[in-house]
Amino acid sequence: MLTKQQCKEAFQKRLLALAGVSLDEATLYNKYTALASLVRDQIGQRWVDTSCRYSTQKQKQVYYFSVEFLLGRLLDNNLRNLGLRDVWVEALAELGIDYTELADAEHDAGLGNGGLGRLAACFLDSLASLGLPGHGCGIRYTYGLFKQAIVDGIQMEKPDTWLKDLNIWEYRKTNKAVFVQFGSPLGAVKAVPYDIPVIGYDNNTVNTLRLWSAEVRDELIANYSSMTPDDFRKLLEYKSWVEAISQILYPDDRYEEGRHLRLVQEYFLVSAGVQSIIRHIKSKQGDDLSSLSDQVALHINDTHPSLVIPELMRILMDEEGMGWEQAWEITTNTVSYTNHTVLPEALEKWPISQFQSLLPRIYEIVNEINERFCAELWQRYPGDWDRIAAMAVIADGYVKMAHLAVAGSHSVNGVAQLHSTILQTDLLKLFYQHTPYKFNNKTNGVTHRRWLLAANPGLAGLITDTIGPDWLHRPASLEKLLPYAGDAGFQQKLAAVRQYRKQALAKFILHKDQISLDPQSIFDVHVKRIHAYKRQLLNALRIMELYNRLKDNPQLAILPRTFIFAGKAAPGYFLAKKIIQLITTLAKVINHDQSIQNKLKVVFIENYGVTLAEQIIPATDISEQISTAGKEASGTGNMKFMMNGAITVGTLDGANVEIRDAVGDDNIAIFGLNAEQVTVCYQTGQCNPLTAYNQDERIRRCVNQLIDGSLPVLGDEFKPLYDYLMHTNGAFLELQDFAAYLDAQEKIDRLFRDDAGRWQVAAVNIARSGCFSSDRTISQYAADIWHIRPSTGPAARSKKKTRA
Ligand code: 26W
């Protein structure tokens, strides 16, 4: 390890070498790159040692296939996990450089839409930090998720050019390229891997995230000179086709439209990944693949990579010469699948004709899988055509990806207890009846290293000072905080930490949006993708209701509140964009209304992503988790807030149920219909919104205000929101849950008047958050699904004492 002095010298040398500039001339980005590349120097040996260890110990390894990895920034994480952060912060300070400013220059790797992609990133961190042999397999999109700008209150999308500068963390491996075969006109496409090291916390483990990039085969570019104009045009056309494969991430986290390029992307990822894994296994362990399932586990993150199943079948049969039965046995024993959503419009299916022309051989195999699967069902349920049709992999003109994923894997899991139950009793009920042993639950988690240690160093320091550093490696140890929950001294420190972060966030918003927030007010936060089922609209309506009350009675005794929203809407999602516009309109009205004496403020912070979340979450008092019960598979933001001591206002949905179980009813504000009641409501038609509208004057007033000219917008801007809410199908039951939501907010208002009570709640939330670390989740996947073990050896964790 370098001394401070050596760091300083190395840094200046690297600036010269990389950017050709002196310290004085260097931009922040130059400085970031210099430091990052010095950190990179420290990785190589550990990386080689780790894979060597896995090989010599003949470790079974897991490959986590995902079309999204929402990594965020890596410098701070890597420095910290390598134990190099302190010395660098000091060395840079002596050079007159503020480390935080430098770290801020890094692009945020946004190769994901939301929960599913961020979960994949948390899992990689936990795999490495637990010393588990597990790697990611994804796509190196040239453009990540669009950047969101709010212009005149409306969302605009701008391209995310995260690769426009050198990406220090990736290693291009030209020699490990493979070819992916499509039907015409694409033919064979070259897939080039870029490897990103995934560094474990304080344990010398470095795993790999391999991202694939599509390129034109070299031989096609050979001789422009001898080409006819027509051939040249065709070549250019072909080239742009190929390059499009890894160009963009689809900016939709819900609606599956059957877009052609998406299927191309999915097969590209899967084929490149499986080919390179097989090649690796054969090079290490010889040509016999009969015990493949003891050597590797392939996990598919939702159905997007489910072509892993037919692709592995293809390789085992066509290239390795196995028969169907053996190949099928190996494939199903190797593959496992996680479902992340129950919303029907998000279930992937591909029109047969499209699938077949793009992937002729893969289609043949899927067809055979389907026929054999249906024959097996026929044996088991003779004559039950309806059941068989409902379970078939190919039916009604479509290939159904979830059915393929269940039929071709040995494990199917949901991401929270309630969600797993819904899979078994509803969405995948017939499959559960057929093969109950495949089904299990793995409640999501988040890495406490990024979301608590790194995002909230003040709180992390307080925790370590109070209970010691054990929680960093064993998050369950956070429970040791419980005895301090009622301790006045501890509570005071907790309050100070929060206050500091609220001031920082207020400063950030003032700087960015020229809106001044009162850090003494309650920060009430709703940040996540904008979607009807997540009910940002319900939150907006209750803000309108509170504002109405305050207008009616300016003396109304309420604690001042700041409502903070952030989140992206899919570019084509009209209603979600309207919801953003409603929120920004409320902000305009409320923030400028002198008569309410600054008691309420509303802000919509643009461009929500990992980096912004790291700023917002530690500054949050109230975490809004208010989806219609039964619709949010798990949620993971809910866990990040809890871990930072925010109190949850939430429905009994997803992992909120388990958060409630962990903290107890006194430490969370639960409201609204539960999942069963929601189902009944939809089934019986009791969900007619007119009932709530007619019964409750407060609701009627707010809903009417959307269309009666109360809001400063031209024409019928918010008529679509009104129509949506009043739709006879009951939308997502916003109006049915409205009154209960207001009550829950009242309860919170009362709680926040009692300082001791309020900080006790915060402390209990932190103390009980250990089980929502992704270390717990990953340990369960490792033991129950993948059957992998931590690698032991000389590279065990360092002896030095760790401090937060
Ligand atoms: C465009 C097709 C499509 C459909 C679904 C793209 C992406 C999806 C994902 C499955 C949606 C998603 O991100 N689901 C979220 O997964 C998180 C991690 O398990 C959960 O915490 C969230 O509740 C769930 O909405």
Side-chain angles (χ1 to χ4, degrees), residues 416 418 485-486 491 494-495 498 521-528 534-543 545-546 549 557-565 600 616-617 619-632 634-675 677-678 698-699 732-769 772:
L418 174 65
Q491 290 189 353
L494 204 50
R498 175 78 51 79
S521 67
I522 299 172
F523 281 15
D524 181 331
V525 177
H526 202 169
V527 294
K528 49 181 81 246
K534 295 179 187 280
R535 298 201 295 192
Q536 283 93 353
L537 183 53
L538 173 58
N539 191 351
L541 287 169
R542 80 75 198 229
I543 295 171
E545 196 277 337
L546 186 55
R549 261 192 289 153
I558 59 154
L559 294 178
R561 280 209 205 193
T562 299
F563 303 99
I564 296 172
F565 290 87
L600 304 181
I616 296 175
I617 292 170
T620 297
D621 296 311
I622 300 176
S623 156
E624 299 284 345
Q625 308 298 337
I626 62 173
S627 51
T628 313
K631 305 296 179 195
E632 187 70 271
S634 159
T636 43
N638 47 2
M639 303 169 183
K640 296 165 197 164
F641 285 104
M642 172 203 194
M643 203 170 257
N644 281 275
I647 182 173
T648 305
V649 178
T651 47
L652 283 177
D653 198 14
N656 295 353
V657 178
E658 287 152 79
I659 293 179
R660 194 257 333 242
D661 293 345
V663 300
D665 283 308
D666 294 342
N667 297 297
I668 189 167
I670 294 292
F671 73 95
L673 301 172
N674 65 29
Q677 292 166 325
V678 166
R698 301 170 299 177
I699 300 181
F732 280 100
L733 308 184
E734 287 85 350
L735 302 191
Q736 286 74 3
D737 273 345
F738 197 154
Y741 187 42
L742 295 179
D743 291 344
Q745 295 291 354
E746 275 303 309
K747 178 177 156 188
I748 295 267
D749 189 279
R750 284 195 297 278
L751 171 69
F752 275 69
R753 287 166 195 276
D754 164 20
D755 259 346
R758 164 187 181 186
W759 293 110
Q760 158 118 10
V761 169
V764 171
N765 271 272
I766 300 165
R768 296 285 191 198
S769 70
F772 298 105

Can you name the residues that form a salt bridge (charged side-chain N to carboxylate O under 4.0 Å, His left out) with R549, not counting sequence neighbours? E545, E746
F523 vs T620 side-chain heavy atoms within contact, under 4.5 Å: no
Main-chain N/O of D653 paired with E632 side-chain donor or acceptor, under 3.5 Å: no
Would you say that R535 contacts D737 through its side chain, given a criterion of any heavy-atom pair below 4.5 Å between the two side chains? yes
Any chance you could lay out the salt bridge (Lys or Arg N to Asp or Glu O under 4.0 Å) test for D621 and R561, step after step, and finish with the verdict? CA-CA 10 Å; D621 296 311; R561 280 209 205 193; over 6 Å; no
May I ask you to check whether Q625 and K528 show a side-chain donor-acceptor distance below 3.5 Å? yes
Is it true that a side-chain atom of N656 and a backbone atom of G650 form a donor plus acceptor pair closer than 3.5 Å? no
Verdict with reasoning, F565 to N539, per side chain to side chain contact (heavy atoms under 4.5 Å, CB included): CA-CA 10 Å; F565 290 87; N539 191 351; 3.4 Å; yes
Do R498 and W759 make a side-chain contact, defined as non-hydrogen atoms from C-beta onward lying under 4.5 Å apart? yes
Below 4.5 Å, heavy atoms only, C-beta onward: do L733 and F738 meet side chain to side chain? no
Quick one: does D665's side chain have a donor or acceptor within less than 3.5 Å of a partner on D661's backbone? no
Nearest heavy-atom pair of M642 and V663: which atoms, and what distance? CE-CG1, 3.6 Å
Strictly distance-based, threshold 3.5 Å: is any side-chain N or O of N644 a donor or acceptor partner for the main-chain N or O of K640? yes
Residues R542, D524; criterion salt bridge (Lys or Arg N to Asp or Glu O under 4.0 Å); working and verdict: CA-CA 12 Å; R542 80 75 198 229; D524 181 331; 2.9 Å; yes
For the residue pair R698 and A739, what are the closest heavy atoms and their distance? NH2-CB, 3.8 Å
Within the side chain of T628, is there an N or O that forms a donor-acceptor pair under 3.5 Å with the backbone of F732? yes
Quick check against the 3.5 Å criterion: does Q745 have a side-chain atom that pairs as donor or acceptor with the backbone of L742? no
Using modelled atom types and a 3.5 Å cut-off, is there a donor and acceptor pairing between side-chain atoms of N674 and backbone atoms of L652? no
So R753 and D749, salt bridge (Lys or Arg N to Asp or Glu O under 4.0 Å) or not? Walk me through it. CA-CA 7 Å; R753 287 166 195 276; D749 189 279; 2.8 Å; yes
Is the backbone of N638 close enough, under 3.5 Å, to the side chain of S623 for a donor and an acceptor to pair up by distance? no
